2 protein chains.
Amino acid sequence: MNDIRVLLVDDHPVVRAGLRAMLGDFEGLTVVAEAADGGAALAELSRLHTLGEPVDVVLMDLQMGAGMDGVTATGRIKAGEAGQPAPPVLILTTYDSDADILAAVEAGASGYMLKDAPPEQIRQAVLAAAAGQTALAPAVAARLMGRIRSPEPVLSAREIQLLELLATGLGNRAIAKQLFISEATVKTHLVHIYGKLGVDNRTAAISVAAQRRIIRRF
Amino acid sequence: MNDIRVLLVDDHPVVRAGLRAMLGDFEGLTVVAEAADGGAALAELSRLHTLGEPVDVVLMDLQMGAGMDGVTATGRIKAGEAGQPAPPVLILTTYDSDADILAAVEAGASGYMLKDAPPEQIRQAVLAAAAGQTALAPAVAARLMGRIRSPEPVLSAREIQLLELLATGLGNRAIAKQLFISEATVKTHLVHIYGKLGVDNRTAAISVAAQRRIIRRF
DNA sequence: GCCACGATCAACCTTTCGGTTGACCCTCCG
DNA sequence: CGGAGGGTCAACCGAAAGGTTGATCGTGGC
């Protein structure tokens, strides 16, 4: 049986070397290419596709320095920009905030692992992704489960998106412009957010959201 | 001539594997031990010291999940807790905020590299550290120079105190009550804080202060 | 088909915040 | 001694944010 062909996407040479060494030690896995950001990843995928050497799994970081970020890249891969059929994308990143996880899942990622995971867990996730299954880190899975049957009110994806802009210090007008909606809508969302988080102003909302890891920590 | 003996300290197995593979490819370097956090690093150093196999360079991450962070560990190593003479500590991390760099330098680090650096640069830095020299990533060096030329305005203790209450989501009235001062005074302080941080509202102030680690992160 | 719900927008009003000016007191330091 | 700088307070004004009501639209479930 042929090896599972993996593309590594991470802006840190150190991490790429680590994954190469780590995955190379396993039977049945081969790292066929690497990319330092989302744009390079798309190019690599296209190149390999036209060569008739398709990739079985993309292992992708989310934060990528200056280049195209992982969520954007995942969305474009899934849109078929680098050839059909689009390979499964397994996210491998450092953070596990609700915002990151939701964005990745919505972009079409088929798994979400954390970099502090033991090697064997990462290998299992790659195998699962190659088999068309979904693989979530235990911490991530727990977080998603908690979202489903939690007594606490659940924030919608849009509300979380707003919350993140809020945390950068933008005013309502600026947030409205960023999201291409009216200021009135921003205010409506904020009222909902305040209600769900049990606060009554934007700074308190940021504080609570950061503490509950609804948004990425500063 | 004997190899330079390196201790790796990083909470991510992936990163440790990468550094091990990367440094192992170079002549004159040997990774003799690894640790997943500051506490384990101190233990490893002590153990190797009593075995008569001292470490020449410690390669240390700053953010270390749950365990002891890199700055604290560096300080304690330099205090001689893991045996004298204390080996040089080279910081290898993802972030290059002023607060991180300054804290590391003050703790006694003899270098500060970023994880997105090319392998050769990291090798050079390890060699420099082993030789008792200082090695800074270009981006880090530039940042330090910039600080000297135009030193950032310094927040007073009272202003930082205010900033911390601000970050909990309190309004001006509540902050005033908490500090036993009038609301007018709170507003005066806020205007000063905004000026020093280069922002024009309280949420942006929190964002900037958290990023520069003027206040503790959420 | 209808209902629930999220997302969108508008109008209105109250409260808070941001920004300014000017003032007083204290301590540290040259 | 006298200035510099931090901390305190007041009054004022315009801008922004908070809060309410009500409405439309689309999607997904029953």
Side-chain angles (χ1 to χ4, degrees), chain A residues 75 98-99 101-103 105-108 144 147-210 214-215, chain B residues 150-210 214-215:
Chain A
D98 281 15
I101 298 172
L102 283 182
V105 170
E106 275 171 19
L144 281 181
R147 268 185 72 87
I148 292 173
R149 52 162 155 179
S150 74
E152 296 161 13
V154 177
L155 294 178
S156 72
R158 190 61 155 173
E159 285 163 352
I160 292 176
Q161 196 181 4
L162 230 102
L163 215 30
E164 292 206 307
L165 292 178
L166 202 64
T168 66
L170 296 180
N172 291 346
R173 189 186 313 279
I175 294 176
K177 249 181 216 165
Q178 285 262 298
L179 298 182
F180 303 106
I181 58 180
S182 83
E183 209 176 323
T185 306
V186 172
K187 294 172 76 169
T188 304
H189 282 309
L190 287 182
V191 170
H192 292 158
I193 292 172
Y194 297 159
K196 290 181 180 179
L197 295 184
V199 300
D200 64 352
N201 67 67
R202 59 216 287 113
T203 42
I206 293 172
S207 175
V208 171
I214 293 170
I215 58 175
Chain B
S150 70
E152 289 172 12
V154 178
L155 294 177
S156 72
R158 191 61 155 173
E159 286 163 352
I160 293 177
Q161 194 181 7
L162 230 101
L163 214 32
E164 287 192 321
L165 291 179
L166 202 64
T168 67
L170 296 180
N172 292 346
R173 189 187 312 278
I175 294 176
K177 251 181 214 166
Q178 196 97 44
L179 297 180
F180 303 106
I181 58 180
S182 85
E183 210 176 323
T185 305
V186 172
K187 292 172 74 171
T188 305
H189 282 309
L190 286 182
V191 170
H192 292 158
I193 292 172
Y194 297 160
K196 289 182 180 180
L197 295 184
V199 300
D200 64 351
N201 68 68
R202 59 216 286 119
T203 37
I206 293 173
S207 175
V208 170
I214 293 170
I215 56 176

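In what follows, every chain begins at residue 1, and chains take the letters A, B, ... in the order their sequences are listed. All figures in this text were calculated on a predicted structure; none of them were measured in a lab.
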Query raised in the report: Are A:Ile214 and A:Lys196 close enough, and set up right, to give a side chain to side chain contact (heavy atoms under 4.5 Å, CB included), and what steps lead you there?
Result: CA-CA 12 Å; A:Ile214 293 170; A:Lys196 290 181 180 179; over 6 Å; no
Report task. Check A:Ile215 against A:Ala167 and note the closest heavy-atom contact, atom names and distance. Result -> CD1-CB, 3.9 Å
Report summary line: Among C:dG19, C:dT8, C:dC17, the one nearest any side-chain atom of A:Ile181 is C:dT8
Report task. For the residue pair A:Thr188 and A:Thr185, confirm or rule out a side-chain donor-acceptor distance under 3.5 Å. Result -> no
Query raised in the report: OP1 or OP2 of C:dA7 sitting under 4.0 Å from any side-chain N/O of A:Ser156?
Result: yes
Query raised in the report: Roughly how far apart are A:Leu190 CG and A:Leu197 CG, rounded to 0.5 Å?
Result: 10.5 Å
Query raised in the report: Rounded to the Å, how far apart are A:His192 NE2 and C:dC5 C1'?
Result: 10 Å
Query raised in the report: Rounded to the nearest Å, what distance is computed from the CD1 atom of residue A:Ile175 to the P atom of nucleotide C:dA7?
Result: 15 Å
Query raised in the report: What distance separates B:Gln178 CD from B:Glu164 CD, expressed to the nearest 0.5 Å?
Result: 12.0 Å
Query - Shortest non-hydrogen contact from A:Leu155 toward A:Glu159 - result: CA-OE1, 3.3 Å
Query raised in the report: Are OP1 or OP2 of C:dT8 and a side-chain N or O of A:His189 less than 4.0 angstrom apart?
Result: yes
Query raised in the report: Between which nucleotides of DNA chain D, 5' to 3', does chain B make heavy-atom contacts below 4.0 Å?
Result: D:dG7 to D:dC12
Query - B:His192 side chain reached by B:Leu162 side chain, heavy atoms, under 4.5 Å - result: no
Report task. Grab the CD-P distance between A:Gln161 and C:dA7 for me, whole Å please. Result -> 10 Å
Requested in this report: Encode nucleotides 21-30 of chain C as B, S and - characters from 5' to 3', where the letter depends on protein heavy atoms closer than 4.0 Å: B to the base, S only to sugar-phosphate, - to neither.
Outcome: ----------
**Report entry** Short side-chain N/O contact to C:dG18 OP1/OP2 from B:Tyr194, under 4.0 Å
**Finding:** yes
Query raised in the report: If every non-hydrogen atom of A:Glu106 is compared with every non-hydrogen atom of A:Ala157, which pair is closest and at what distance?
Result: OE2-CB, 3.6 Å
Query - Closest non-hydrogen atom pair between A:Gly169 and B:Thr203, with its separation - result: CA-OG1, 3.6 Å
Query raised in the report: Separation of B:Leu197 atom CG from C:dG18 atom P, in whole Å?
Result: 13 Å
Requested in this report: Mind listing the closest non-hydrogen atom pair of A:Arg202 and A:Ile175 along with its distance?
Outcome: NH2-CD1, 4.4 Å
Report summary line: A:Leu190 CG to C:dT8 P, in whole Å, measures 12 Å
Query raised in the report: In whole angstrom, what separates B:Ile193's CD1 from C:dG19's C1'?
Result: 15 Å
Query raised in the report: In degrees, rounded to 10°, what is the bend between the two ends of the helix from C:dG1-D:dC30 to C:dG30-D:dC1, using five pairs at each?
Result: 40°
Requested in this report: Would you sort out whether B:Val186 and B:Leu179 count as a side chain to side chain contact (heavy atoms under 4.5 Å, CB included), showing the intermediate values?
Outcome: CA-CA 9 Å; B:Val186 172; B:Leu179 297 180; 5.7 Å; no
Query raised in the report: For B:Val199 and A:Ser182, take the nucleotide of DNA chain C holding the closest heavy atom to each; which residue's nucleotide lies nearer the 5' end?
Result: A:Ser182
Requested in this report: Measure the distance from CG on A:Asp200 to C1' on C:dC17 and round it to the nearest whole Å.
Outcome: 14 Å
Query raised in the report: Any side-chain N or O of A:Arg158 less than 4.0 Å from the OP1 or OP2 oxygen of C:dT8?
Result: yes
Query raised in the report: Does the pair B:Leu163 and B:Leu166 meet the rule for a side chain to side chain contact (heavy atoms under 4.5 Å, CB included), with working shown?
Result: CA-CA 5 Å; B:Leu163 214 32; B:Leu166 202 64; 3.9 Å; yes
Report summary line: From CD of B:Glu183 across to C1' of C:dG18 the rounded distance in Å is 12 Å
